[in-house]
Student: 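Take this structure first; my questions come after.
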Amino acid sequence: MVHQYADRHTLEGLVPADVSAGADHLAVAARQAIVVVLAAPGQEAAVAHLLASDEDLSARFSAPGEWLVISGLQTPELLHQALAALLGDMAHCIDQSHGRVLLRLTGLNARAILAKGAGLDLHPSAFSVGQSANVLCGHISVNLARVGDDAFEIVVMRSFADTLLHDLRDMGRAFDLTTAFLA
Amino acid sequence: MRYSAFSIVKNALSGNVNWKPAWRQPEPKPFYDVIIVGGGGHGLATAYYLAKEFGVRNIAVLEKGYLGSGNVGRNTTIVRSNYMLPGNEPFYEFSMKLWEGLEQDLNYNAMLSQRGIINLFHNDGQRDAYIRRGNAMWMEGVPAELLDRAALRKMLPYLNFDHARFPIIGGLLQKRGGTARHDAVAWGFGRAADKHGVDLIQNCEVTGIRRENGVVTGVETSRGFIGCGKLGLAAAGNTSRVGQMAGLKLPIESHVLQAFVTEGLKPAINHVITYGAGHFYISQSDKGGLVFGAEIDGYNSYAQRGNLATVEHVMEEGVTMIPGLSRARVLRSWGGVMDMSMDGSPIISRTPIDNLYLNAGWCYGGFKATPASGWCFAHLIAKNETHPVARFLRLDRFERGYPIDEHGAGPQPNLH
Amino acid sequence: MTAYRLSAGGLVDRSAPLTFTFDGQSMQGFEGDTLASGLLANDRMLVGRSFKYHRPRGIVSAGVSEPNALVTLGLGARSDPNTKATVAELYAGLDARSQNRWPSLKYDVGAVNGLLSPFLSAGFYYKTFMWPAAFWEKVYEPIIRKAAGLGRAVLERDPETYEKCWAHCDLLVIGSGPTGLMAALSAGRAGLRVVLADEGFRHGGSLLSETTPIDGAPAAAFAAAAITELEALPNVTLMTRTTVFGWYDDNVFGALERVQKHVATPSAKLPVERLWRIAARRALLATGAEERPLVFGGNDRPGVMMAGALSTYANRYGVAAGTSVAIFTNGSAGYRTAADLSAHGISVAAIIDSRAESPDVAPSGTRVIRGGSIVDTKGKLRLSGLVVERAGFEEIIDCDAIGMSGGFSPVIHLACQRGAKPLWSEALKAFVAPDVGQGFGVAGSAAGLYSLPACLRDGADKAQAFANDLGFSTSPADLPVVGAEPDPSFTALWYVAGAKSKAFVDFQNDVHVSDLGLALREGFGHVEHAKRYTTNGMATDQGKLSGINATGLLAAMQGISPADVGTTTFRPFYTPVPFGALAGTSRDEHAAPKRVSPLHGWAARNGAVFIDSGLWYRPSWFARAGEKTWRESVDREVLTVRANVGLCDVSTLGKIEVFGPDAAEFLNRVYCNPFLKLPVGKARYGLMLREDGMVYDDGTTSRLGPEHFVVTTTTALAGGVLSHMEYCAQVLWPDLNLRFCSVSDQWAQMAIAGPKARLVVQALVEDDVSNAAFPFLAAKAVTLKGGLKGRLFRISFSGELAYELAVPAGYGEAVADALMEAGRAHGICAYGLEALNVLRIEKGHVTHAELDGRVTPDDVGFGRMLSSQKADFIGKRLSTRFGLTAADRMQMVGLKPIEKDKDIRAGAHLLREGAKPSTLNDQGYVSSACHSPVLGQFIALGFLKSGRERYGEKVVIWDRLRGEETLAEVCSPVFVDPANARLNL
Amino acid sequence: MASLIPCPHCGIRPKEEFSIRGDASLVRPDPESSDETWNDYVHIRANPRGRYREHWQHVAGCRRWLVVERDTFTHEVFSVSDGAVRPWETSR
């Protein structure tokens, strides 16, 4: 009987692995550890503080007392264990590494591309580096984070990733947006 | 003055200067046997039938704006009787039959156009629900036809058969469904009511309802107190406000529904079509404008205007249903305030106050009901007895547990 | 020749000639022309026919108010009917055709309507066409519909693309004329995020036709310099070809950008049009003022134009609309046009000034007829002269164009779209915008300031005020130097007395003065009634020219002030917006997102035929070679599950994990059946009600730990149930200590069902899945051989021994493949929604075909689940209402045709045997039906009045819609294994 | 209102990110309350023209249920707050 199972990315076959990035580029993370952290009622501030204190963790705000914690370095299991150890009874940690897909949009036109889908004001004065939020992009709810002046990360539910990819490519058509898996 | 081809010729030859006003502009009398609040389609129809069918003589209709200034003049003109539930179908079919003789009865051409209404469906579950509906229509003796994809393609080749996100698999056709010229319905009923002696009093806003010993004795208005023997409310989106003046607790929320018209185009869409994967519906007027709408904006509102997000959603549905609409230019959008009931069905009912009667809860479907609503409300007011086809449309059906919920959406008005 | 290109002047690029066609005739224009200026340069004044009388009509305006010059551009699926020639930008290869005429523009048969006009007065159709009743749809309406509309709708698939975009700014300036430019400069210099939008293809608005120098240079040069400065400011966004069409709540504006409507072959990389939603903290309306037509006899003759348009054609486009032009004016503006024309060497035949006296000075040598009025015009397809009347004397003056100037109306459309009523200004003889507050200002001519210096100052002042309001500091405005100009003045003139032919108010809809008089006479004097009765203002220009004159006329006829008549309601859209642009990219296959199951690839490899199910695509059945109909495949799948084992993708069900000390208490309140005592490691079927006592959704909930549950919902209501639970937790019971999270996308979930299911599951799962170790309704985390972690549930929708195995989504396909491999020896097959549906009907399980929002738990046989022990749960109280517990409610039953070979289909109704069909006799309906391969016949679930008392009774399954009647026996809804023996194997 | 909602957790967002449920002034009755109280809660609405408190959920954002206090005629928004009666500790 088979004992090792292949982990298939939902965008496999839809995104090339070896395209050189253009000026505006959409990279799809092939593997990512993503854990939803839900602070227990009353523990929101303490959890926020602990998450902020660990430089290896990137905690994306999604709702009061709720974060998507992302790590490009750890496996889902290790991230989950690390968070459970860090937060103990203060929070519930739910592995969503398979339930979400992470995309990174970079380039001078990244903001102009996103403005075709998201109603959030993306001007740096309104949405600065380090900020994140759940937001509607077209008809799909995503978590959007600004990770650089011209770099954004988008976390989307796995089942919607195909459509979001199509939409983002369409939004980037005028700028010759390139797409590839993140090596 | 009776309207006819002859009257048109005669007046044309005399320079069209001898036409008489469609209705008088009476001063309010101190007392009426029956006062109807609301000079829209339902209020005018009620007054007309009260006078003509039920022999009530001393009637006034009080309208805060101009006649027909509410929803009767801002809807998408659709007429149909294709309901599923026994609480609704006989009532709407009664209305349909009244429509079919209305113009001759009123001596006014409301341009009833029975061009056929087609409800599209997109999956097996919807198909089964529409078959259930079609059979419910037949139970009431109302012809309905099931169209498959091939028949639809032949009939409406411009629908999105090949690139639809939600494929069209068939449709339910009611051939007798169609449209009527909305303003003309109000004007026709108003003119005919006036001919029967009804006082149509415009610019007369009801500001209070006077009660003595538990019965209504009259209404305070912007033109002074007017006494009445019986009071009927037909105030559509303002029902809650008027009802509150009499202390009524009502299962109604007011919501805004937007409607739209395109620039005039040569006729291309010759039916009324509704989209089953959304709420979009469309027909083309005899002037050439494509008239359409979809869902309500979703929030409580008394403003006769809506928001752009809803507009965009309506257009998405429209273009998805008929790709060729893409280049048609939308000329105007407007909003009507809908009296959304808690089960999506209307109320024609007595109230806890003996001589106060209620006609409300029409949601976005009041126009097609206009004649039957008027007739049944007049029946109720005149005889203090419910008309058989309206017997389920009671105000107390909610507390008694007899909702008439066509959509199965429960007591949340913005889901109906 | 009457209209022609001037030898010099204008902002057209004479070095860039363009060839275009009109009604097949090839013509030449220049870059910078509109179609209208191009047509005039080619001496084409006659461009259209009116709606009702098919009267010949020419170009009237030079902008969006144009009622007459409507043409169809493009061919086939790319055609754009009703395009205003006055706005359409000329490009090489543009193909324009006239509309509403047959056989040709010059000879139009429809013009016969004009002869019948006495019979076609306003509202005539309401008074006739009623006899005989049957004739309306058959005879009258088709004739009327033949006459309907102007341009032709093709209804072909649009090959172009559209898109939407958001913009956010501190200040939106609408209109880039003198006021808007100064406003944008002031705000931009102060550092505000500014969007400056103009509907034209070139910024500058009226400055592009302006002859007064600014800072000693031509006005257009000032505009160009201002734009250069604004372009250099990073905080300013300039948008041309962008019409702000609507003002919505919270200062959100809709704007349409025509990205590629001016190019012959649009680039595939760009949309042809783009819809902008602009969220502006402040907005300034700088849309200028509209010149009013004069209502005089024969005022619709081709060649009668707005005076300002004549100036624009001459100054901006270098085109003379006539060789000998008369001006008819009630104010000073007419004199300016006369001066403009004279300066270009165009002969001015006369200035006819309705005022007996005025201080205005005509160009030298120009004849001025003060106190005169035009009472008629001459010519057929083109104006050849006019009849002027003064002091009782008439005179014919030859001319081939008339410029009419009836005063000005501020363009306040947007300001009044949100319910504010325009205010009548007696001083301005015009309606002005009231103070609408909310960060929306009106400036320049739109605010009734008509002189250039006043507009420039007002734009700067109001922008600075907004800047200060938002906390930006500003320096004193650096205003350009312009020679002092008097405000143009005029006297109100709603109707020119003594008309010898029809005097039109609404050109496109052919509404003339006597139509409005008739409306008034018949009681339709309210401005809204008059509009609806006569159709005044309802044409494609939405009354931009006709509205004010109708109000003035209705007032004058009644001897009251226009203030007492008011205007009709200003509503979106300021100018028409195509469906496509408002829809953007959400159309066709992309009308809604497509959700992809983690097992999609597995299903596809196994021959799945997919069907859309909400936003998902799910396998409907799995076709195998040799199977000719879907029924063959489905029957095989069902029989395989009943005999061996099958695998079904159930990943699309909603999955919500609930955590916390109060998790059990919470579930106990949202479900009607008890959950407090559900043991860890167990699943339970739950029924969720709405507060009105009706069933909302169902699903299994499993307790994975003392404070950890996983709730499943139906696919259709996954989102709705989550929202409902959030409402309950956040709003109703915020004191409960719990949290939850949707995990629907994390897990690939597979149902393995059939008597051999255990063999297949055990082959993959490390844990013991025997009946003893893992009985019916067991639920727990498991480890797959090899170490993969998953979850296993012993639940069954099919009625067979069944497991649902969940693994992290990415592994779904591999695990499904492994299950198929493990099951091969046991005859496993993949099964889809159709087979699932048959299996559950055979077992009497409900779906949303039964749970349609109108049924109680008791209706579907779950009355006993309503816990009487619980103090409270959602829906408890109202489920006791009389109507919800009445004995004659419809209850779910099974139905079997008496003749075994008859079929039953969902949607049929039920009648007592021998009863006549009627609503009163209606006994119920069929909710689900299928062919049961196990029973070898059709079976159905249905709802029948007092149904559970009627097992054994024969009822008629009445499907009139499809012409079928079938006699059936009422039975229990559980057709297969009523003792549940198979579940517990 | 209705174009943009200032979510207390996420900032100003367009209407389409929200779903709307209805009157937020209704309080779910005690189980022991009268039939009339329960019927009023489920079916009767004050439906004022003017100031109104309405439940909106930020479905595409934080998924919090919010109380939007606004005017049903002018559509002006007066305030938006979290729907949980207990003050929520924001930890953003």
Student: Say whether B:Y299 and B:N307, considering side chains only, have a donor N or O and an acceptor N or O under 3.5 Å apart.
Tutor: yes
Student: For B:L172, is it the side chain, the backbone, both or neither that has a heavy atom under 4.5 Å from a heavy atom of chain C?
Tutor: side chain
Student: Please state whether the side chain, the backbone, both or neither of B:R400 comes within less than 4.5 Å of a heavy atom of chain C.
Tutor: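 Backbone of B:R400 only, per the 4.5 Å heavy-atom cut-off to chain C.
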Student: Looking at B:N18 and B:N11, would you say the former's side chain and the latter's main chain have a donor-acceptor pair under 3.5 Å?
Tutor: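 Checking the backbone N and O of B:N11 against the side chain of B:N18, no donor-acceptor pair under 3.5 Å is found.
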Student: Are more than 12 heavy atoms from other residues, nucleotides or ligands located less than 6.0 Å from atom CG of C:L116?
Tutor: yes
Student: Report which part of C:P142 has an atom under 4.5 Å of a heavy atom belonging to chain B: side chain, backbone, both, or neither.
Tutor: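 Nothing of C:P142, per the 4.5 Å heavy-atom cut-off to chain B.
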Student: C:A908, C:P578, C:A849, C:A153: which one forms the most heavy-atom pairs within less than 4.5 Å of chain B?
Tutor: C:P578
Student: In plain terms, say whether C:D612 and C:K594 are close enough for a salt bridge, that is, a side-chain N and a carboxylate O under 4.0 Å apart.
Tutor: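 Judged by the 4.0 Å cut-off on N to carboxylate O distance, C:D612 and C:K594 do not form a salt bridge.
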Student: Relative to chain C, which segment of B:A164 carries a heavy atom at a distance below 4.5 Å: side chain, backbone, both, or neither?
Tutor: backbone
Student: Using non-hydrogen atoms only, which part of C:R78 is less than 4.5 Å away from chain B: side chain, backbone, both, or neither?
Tutor: both
Student: Heavy-atom distance under 4.5 Å to chain C: side chain of B:D183, backbone, both or neither?
Tutor: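 For B:D183, side-chain heavy atoms alone lie under 4.5 Å from chain C.
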Student: Pick one of side chain, backbone, both or neither for B:I269, based on which atoms fall under 4.5 Å of a heavy atom in chain C.
Tutor: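 Both parts, backbone and side chain.
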Student: So what's closer than 4.5 Å to chain C heavy atoms on B:R2: side chain, backbone, both or neither?
Tutor: side chain
Student: Can you tell which of C:F882, C:Y125, C:W131, C:F524 has the highest number of heavy-atom pairs within less than 4.5 Å of chain B?
Tutor: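 Highest number of heavy-atom pairs under 4.5 Å: C:F524.
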Student: Go through the atoms of B:A129 and report whether side chain, backbone, both or neither lie under 4.5 Å from a heavy atom of chain C.
Tutor: neither
Student: For B:E406, is there an ion pair with B:R133 - N to carboxylate O distance below 4.0 angstrom?
Tutor: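 B:E406 and B:R133: not salt-bridged.
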Student: Below 4.0 angstrom, N of the basic side chain to O of the carboxylate: do C:R157 and B:D162 qualify?
Tutor: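 Salt bridge absent between C:R157 and B:D162.
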Student: Using the test ring-ring contact (aromatic ring centres under 6.0 Å, His included), find all partners of B:Y158 that sit at least two apart in sequence or belong to another chain.
Tutor: none
Student: Would you mind checking which part of B:A409 comes under 4.5 Å of any heavy atom in chain C, side chain (CB onward), backbone (N, CA, C, O), both or neither?
Tutor: backbone
Student: Hey, are B:R327 and C:D158 close enough for a salt bridge, meaning a charged N less than 4.0 Å from a carboxylate O?
Tutor: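 Looking at B:R327 and C:D158, the cut-off is met.
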Student: Using non-hydrogen atoms and a 4.5 Å limit, figure out which bit of C:L920 sits close to chain B: side chain, backbone, both or neither.
Tutor: side chain
Student: By a 4.5 Å heavy-atom criterion (distance strictly below it), what part of B:P403 contacts chain C: side chain, backbone, both, or neither?
Tutor: side chain
Student: Counting only heavy atoms closer than 4.5 Å, note whether B:D343 contacts chain C via side chain, backbone, both or neither.
Tutor: neither
Student: Describe, in one word, how the ring planes of C:Y925 and C:F943 are oriented to each other, choosing from parallel (under 30°), tilted (30 to 60°) and perpendicular (over 60°).
Tutor: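 Plane angle under 30°, so parallel.
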Student: Where on B:E89 is there a heavy atom nearer than 4.5 Å to chain C: the side chain, the backbone, both, or neither?
Tutor: neither
Student: Non-hydrogen atoms of chain B under 4.5 Å away: do they reach the side chain of C:F51, the backbone, both or neither?
Tutor: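 For C:F51, side-chain heavy atoms alone lie under 4.5 Å from chain B.
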Student: Less than 4.0 angstrom from a charged side-chain N to a carboxylate O is my criterion; do B:E93 and B:R176 meet it?
Tutor: yes
Student: So what's closer than 4.5 Å to chain C heavy atoms on B:V261: side chain, backbone, both or neither?
Tutor: neither
Student: Name the region of B:N270, side chain, backbone, both or neither, that has any atom closer than 4.5 Å to a heavy atom of chain C.
Tutor: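 Both backbone and side chain.
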Student: Which region of B:Q304, side chain (C-beta onward) or backbone (N, CA, C, O), has a non-hydrogen atom less than 4.5 Å from a non-hydrogen atom of chain C, or is it both or neither?
Tutor: both
Student: So, C:R690 side chain and C:G853 main chain: donor-acceptor pair closer than 3.5 Å or not?
Tutor: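 Yes; judged by distance alone, with no hydrogens or angles, the pair exists.
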Student: Which one, C:T83, C:T885, C:T585, leads in non-hydrogen pairs under 4.5 Å with chain B?
Tutor: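 Answer, by heavy-atom pair count under 4.5 Å with chain B: C:T83.
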Student: In Å, rounded to the nearest 0.5 Å, how long is the span from OH of C:Y126 to CD of C:E522?
Tutor: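 It is 11.0 Å, given to the nearest 0.5 Å.
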